[in-house]
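Worth knowing before you read on, the calculation uses all heavy atoms, side chains too, and leaves out hydrogens, waters and symmetry mates.
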Amino acid sequence: IIANVFNIGADLGGMAEVFLQDFATWQNLPEAAKTGLPSAANTADVADNPFWHALVPAIAALSFPVAQMAAERLGIAKAGAVSWLDAGGGSGVWSAVWLGANKQAMGTQLDWPNVNKIGRGFVANFGVADRFQTIDGDFHTTDFGSAKYNFAIYAHIAHQESPAENIAEFRKFRKALKPGGTLVVNDFVLNDDRTGHPFAMMFASQMLVVTKNGFTYRQSDYREWLLEAGFKSVDIVPTPTPSTLVFAS
């Protein structure tokens, strides 16, 4: 269904093509490595970056099977009238999958207005738009609320943030979750010795040229940040894709 909606294959090839399409940016990689500053004309922290119109659908293709896997692990289908917050949700693919599995659930996505527009269109194709709502805003500055959600989702966002920024977001998520709630983090995560999927390892270079502080982080980094944010349990689960699932409760 992802391929039908976006006319792209739900595989890594489409993702890599999107990242590598701006060859001029990659030509500046040596300079970015020297200065530690992004060399891309439009960086990841720019709301009106036209790159989102290509990147958001590509991430949806990669995320679809991972969202299904997370839903099965969390028992979303039989969870009843639960709700979740997807911060930086992009295409809305996580809500599309979870709402399709649970007819009583409600999904909320927080993202920039132009990205939420893409998300609403995507979710509508799955016939679940009536239980999907969006909040226009920057997740860095928007209050998530207190004890409002059963689940929270932070998918393909942590890699563009600094360690301090991720800890700050994790604290906000913990506050927003109801007692017993679970935060799901999905990202390219490396082993503690910085080995892992080749694409996840290469992705660190992409973060260097398009973000000020982003990186491909290790499992130990996520464990440290989540525990510091107040979560008591952290489970890291590999997926059939280059990305990894992290469950924190």
- Message: Under 6.0 Å between ring centres: does that hold for F173 and F231?
- Response: no

- Query: Taking the six-membered ring for Trp, are Y222 and F170 parallel (under 30°), tilted (30 to 60°) or perpendicular (over 60°)?
  - Reply: tilted

- Message: How long is the straight-line distance from CG of L110 back to CG of D138, given to the nearest 0.5 Å?
- Response: 8.0 Å

- Task: Could you name each residue pair satisfying side-chain hydrogen bond (donor to acceptor under 3.5 Å, both in side chains) that touches residues 234-249, not counting sequence neighbours?
- Result: N186-S243, T239-T241, T241-S243

- Item | Expected output: side-chain N166 to main-chain P163 donor-acceptor under 3.5 Å | no

- side-chain hydrogen bond (donor to acceptor under 3.5 Å, both in side chains): pairs with one or both residues in residues 66-86, sequence neighbours excluded: W84-S95

- To the nearest 0.5 Å, how far apart are NZ in K117 and CG in N114? 9.0 Å

- Here the pair of heavy atoms bringing A155 nearest to W94 is CB-NE1, 3.5 Å

- Side chain of N102, backbone of Q104: donor and acceptor closer than 3.5 Å? yes

- Message: I need the minimum non-hydrogen distance between A200 and P242, along with the two atoms involved.
- Response: CB-O, 4.1 Å

- Task: For the pair R131 (side chain) and L99 (backbone), establish whether a donor and an acceptor sit closer than 3.5 Å, ignoring hydrogens and angles.
- Result: yes

- Heavy-atom check, side chain of M201 versus side chain of R194, under 4.5 Å: no

- So NZ of K172 and OG1 of T141: to nearest 0.5 Å the spacing works out to 6.5 Å

- Heavy-atom pair of closest approach, residues V115 and Q109: O-NE2, 4.5 Å

- Item | Single-linkage hydrophobic cluster I167~Y154, side-chain heavy atoms < 4.5 angstrom | yes

- Query: Do Q133 and T108 have side-chain N/O donor and acceptor atoms under 3.5 Å apart?
  - Reply: yes

- Message: So, taking the atom named OG1 in T134 and the one named CZ in R120, what distance separates them when rounded to the nearest 0.5 Å?
- Response: 4.0 Å

- Side-chain contact test, heavy atoms from C-beta onward, threshold under 4.5 Å: evaluate it for K148 versus L85 and give yes or no. no

- Message: What's the separation between atom CD in Q160 and atom CD in E165, rounded to the nearest 0.5 Å?
- Response: 9.0 Å

- Task: Taking all heavy atoms of A70 and all of V184, pick out the closest pair and write down the distance.
- Result: CB-CG1, 4.5 Å

- Query: Does L226 offer a backbone N or O that forms a donor-acceptor pair with the side chain of R174 under 3.5 Å?
  - Reply: no

- Message: For H156 and H159, take the angle between the two ring planes, folded into 0 to 90°, and tell me which bin it lands in: parallel under 30, tilted 30 to 60, perpendicular over 60.
- Response: tilted

- Message: Between W98 and M69, is there shared hydrophobic-cluster membership here, with clusters defined by ILVMFWY side-chain heavy atoms closer than 4.5 Å?
- Response: yes

- Decide yes or no for F144 and K175: does some side-chain heavy atom of the first lie under 4.5 Å from some side-chain heavy atom of the second? no

- Query: Is it true that a side-chain atom of D111 and a backbone atom of N116 form a donor plus acceptor pair closer than 3.5 Å?
  - Reply: no

- Query: Side-chain heavy atoms under 4.5 angstrom apart, residues restricted to Ile, Leu, Val, Met, Phe, Trp, Tyr: same cluster for L227 and V237?
  - Reply: no

- Counting only N and O atoms by type, is there a donor-acceptor contact under 3.5 Å from the side chain of N150 to the main-chain atoms of V82? no

- Task: Would you please classify the geometry between the F215 ring and the Y217 ring as parallel, tilted or perpendicular, with 30° and 60° separating the classes?
- Result: perpendicular

- Side-chain donor or acceptor of D193 paired with backbone N/O of T195 under 3.5 Å: yes

- May I ask you to decide if the ring planes of F203 and F188 are parallel, tilted or perpendicular, using 30° and 60° as cut-offs? tilted

- Do the side chain of S162 and the main chain of N213 share a donor and acceptor less than 3.5 angstrom apart? no

- Task: Carefully, step by step, assess R223 and R218 under the rule side chain to side chain contact (heavy atoms under 4.5 Å, CB included).
- Result: CA-CA 9 Å; R223 291 187 187 277; R218 303 166 299 171; over 6 Å; no

- Message: How long is the straight-line distance from CD1 of I157 back to CG of D187, given to the nearest 0.5 Å?
- Response: 8.0 Å

- Message: I'd like to know if I76 and F126 are part of one continuous hydrophobic network [Ile/Leu/Val/Met/Phe/Trp/Tyr, side-chain heavy atoms within less than 4.5 Å].
- Response: yes

- Item | F64 reachable from V185 in the ILVMFWY side-chain graph, under 4.5 Å edges | no

